[in-house]
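Read the structure below first, then the notes.
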Protein chains: 2
Amino acid sequence: MQSEAEFLAGYDPRDYPSVAVTVDVVALTIRDDRLCVLLVERAEQPFAGSRALPGGFVRDETLDAAALRELSEETGVERLHLEQLKTYGDPGRDPRMRVFSVAYLAFAPSLADPTAGGDAAGAYWVPVEQAVGLAFDHDTVLADGLERARAKLEYTPLATAFAGDEFTISELRQIYAAVWGEELHAGNFHRKVLSVPGFVEGTGRTASRASERGGPKPKLYRAGDARLLHPALLRPAREDDFR
Amino acid sequence: MQSEAEFLAGYDPRDYPSVAVTVDVVALTIRDDRLCVLLVERAEQPFAGSRALPGGFVRDETLDAAALRELSEETGVERLHLEQLKTYGDPGRDPRMRVFSVAYLAFAPSLADPTAGGDAAGAYWVPVEQAVGLAFDHDTVLADGLERARAKLEYTPLATAFAGDEFTISELRQIYAAVWGEELHAGNFHRKVLSVPGFVEGTGRTASRASERGGPKPKLYRAGDARLLHPALLRPAREDDFR
DNA sequence: CTAATAGTGTCTATTAGACACTATTAT
DNA sequence: ATAATAGTGTCTAATAGACACTATTAG
């Protein structure tokens, strides 16, 4: 039998049909209490002029690094949660060649408007309900990312990744409301968040100002050390989700 | 600006460095009340002679189809649950070239011993705790697959994918016990399963024989139409999982 | 007979959620 | 003053889990 070294010496990668691998990022943030996704306007073919998720070819780097790089090219990265979502590889999803796209999901605190960069003519945050008709199969990718985000808020403390370093319980509640698209009972939410060990920890400080329409000055919290919420913070059950 | 048609005519895929995409499958089943994973012994370089997850290069097909095909080559596929797990693409994870592996997770009912096929010298079911020292980064892939499987049993009815068409509540309980590695209280489990709408439905029939050590003849059930378990069937909480 | 299992009853502690209430602050 | 908010109290229904109990069957 051939040794591994002999095998590698005789191996020519060009014997195989050419494929490409890209990363695409579903980057989410909350702006004005609305869940928004980062879109770019494509300057290059294919789909020039269409809106798409930010992304690009993977270089000599890990997939995580590629996703972070593509995101950095569009927006100043601060604290950021980044996780792999799913890989899309149907033949024909890109007209150029066989392209596999590894999609990532990112949660970002509210940021300044992004700066266009790389091959994008422009980049901007768009409320998710207005993000339709995207290039490639990005409508599907976005839908999968939103479903993952909604589920993750239930059993992980990732909602804090949408907030700044310090936040109030009300701000956290508005994040949940924006992602889930449902109002949450303020009193019950407050008690629930504080009852989950490690979700948030008090800073001992208080906001310098109350909300625009009055009320006491709320206490400030920061993210705790829990990686999972136990018990979970379940979204209101809807019968038709189960069958 | 170039039209999309002009762009495609001048586009040569060979201008880009060559990469390959494979699928690897974490196929799980229950044998003798133990959770087992399907492994192959590699006949070809690299890692010839090592054990690995079954898998291979993606052809002109969807990723799902590739995973199903690779699995069929090793074992007779029956009812089977198949879902995408995660993509692994660190530079250097394959000594030949840049290889991205899209991992899949499969749940199968107990099957006959698999037949070796394709580039595998042999294929067999191995208890998961004995599946260590695998080729490539497959130890990591397996660990990720196991964690996903354990989590999915909590909030989906996928445990039924490990059972035959008809099964008893005790068989279902032993599936949970094997995947989670914990004994479950028989009485409470029984009541819980029947209380979740759509998890299982009665067949009206009864097993022809009781268990080996006596007891009443159990009723037979089949999988119901629920896609999610509500309320979920949570595994016993362990403090250190949360921080 | 003996021992194990299938399935049910009951009790307790925990939790989700509805509702109510007080104190505080912006306008 | 008015209205909205932060935070807490209380009650009810649902649930998880501990424990107990009966009936049934293999050996």
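Convention: sequence-line order gives letters A, B, ...; per-chain numbering from 1.
- Distance CG (A/Leu194) to P (D/dG9): 12 Å, rounded to an integer number of Å.
- Rounding to the nearest 0.5 Å places CG of B/Leu53 at 8.5 Å from CG of B/Leu38.
- Using a 4.5 Å cut-off on side-chain heavy atoms (C-beta onward), B/Leu233 and B/Val196 make no contact.
- Distances from the side chain of B/Lys219 to the nucleotides C/dT24, C/dG7, D/dG7 place C/dG7 closest.
- For an aromatic pair to be called close, the ring centres must be under 6.0 Å apart, and A/Phe189 with A/Tyr176 satisfies this.
- One can place CG of B/Leu233 at 13 Å from P of D/dT15, the figure rounded to the nearest angstrom.
- Among the atoms of the strands shown, only primed sugar atoms or phosphate atoms (P, OP1, OP2) are found under 4.0 Å from some heavy atom of B/Ser170.
- For B/Glu182, the CD atom sits in a packed shell: over 12 heavy atoms of surrounding residues, nucleotides or ligands are nearer than 6.0 Å.
- Using the Watson-Crick or G-U wobble rule with both distances under 3.5 Å, D/dG27 pairs with C/dC1.
- OP1 or OP2 of C/dG7 lies within a sub-4.0 Å distance of a side-chain N or O belonging to B/His190.
- Taking side-chain N and O atoms only, A/Arg213 has a distance below 4.0 Å to OP1 or OP2 of D/dT5.
- Set against D/dA6, C/dA26, C/dG17, the side chain of A/Ala210 has C/dA26 as its closest nucleotide.
- Between A/Arg191 and D/dG9, a side-chain N or O to OP1/OP2 separation shorter than 4.0 Å is absent.
- In this structure, the CG atom of B/Leu229 is 15 Å from the C1' atom of D/dT15, given to the nearest Å.
- Distance B/Glu183 CD to D/dA18 C1': 17 Å, rounded to the nearest Å.
- Ion pair B/Glu166/B/Arg205 flagged as a salt bridge, since at least one NZ, NE, NH1 or NH2 atom sits closer than 4.0 Å to an Asp/Glu carboxylate oxygen.
- Computed from coordinates, the B/Glu171 CD to C/dT5 C1' distance equals 13 Å when rounded to whole Å.
- Look at A/Arg209 and you won't find any side-chain N or O under 4.0 angstrom from OP1 or OP2 of D/dT5.
- At the phosphate of C/dA6, neither OP1 nor OP2 sits under 4.0 Å from any side-chain N or O atom of B/Lys217.
- Following rounding to the nearest Å, A/Ile169 (CD1) and C/dT24 (P) show an atom-to-atom distance of 19 Å.
- Nucleotides of DNA chain C nearest to A/Gly187 and A/Gly214 differ in position, and the one nearer the 5' end is that of A/Gly187.
- Using a 4.0 Å heavy-atom cutoff across all strands shown, A/Ala232 reaches sugar-phosphate atoms only and no base atom.
- Between B/Ser211 and B/His185, the residue anchored nearer the 5' end of DNA chain D, judged by the nucleotide with its closest heavy atom, is B/His185.
- Contact between the side-chain N/O atoms of B/Lys192 and the OP1/OP2 oxygens of D/dT15 is not found at any separation under 4.0 Å.
- Rounded to a whole Å, the OH atom of A/Tyr176 is 13 Å from the P atom of C/dG17.
- Regarding B/Asn188, its CG atom lies at a distance of 14 Å from the P atom of C/dG9, rounded to whole Å.
- Put simply, the side chain of B/Phe167 reaches to within 4.5 Å of the side chain of B/Tyr221, judged on heavy atoms.
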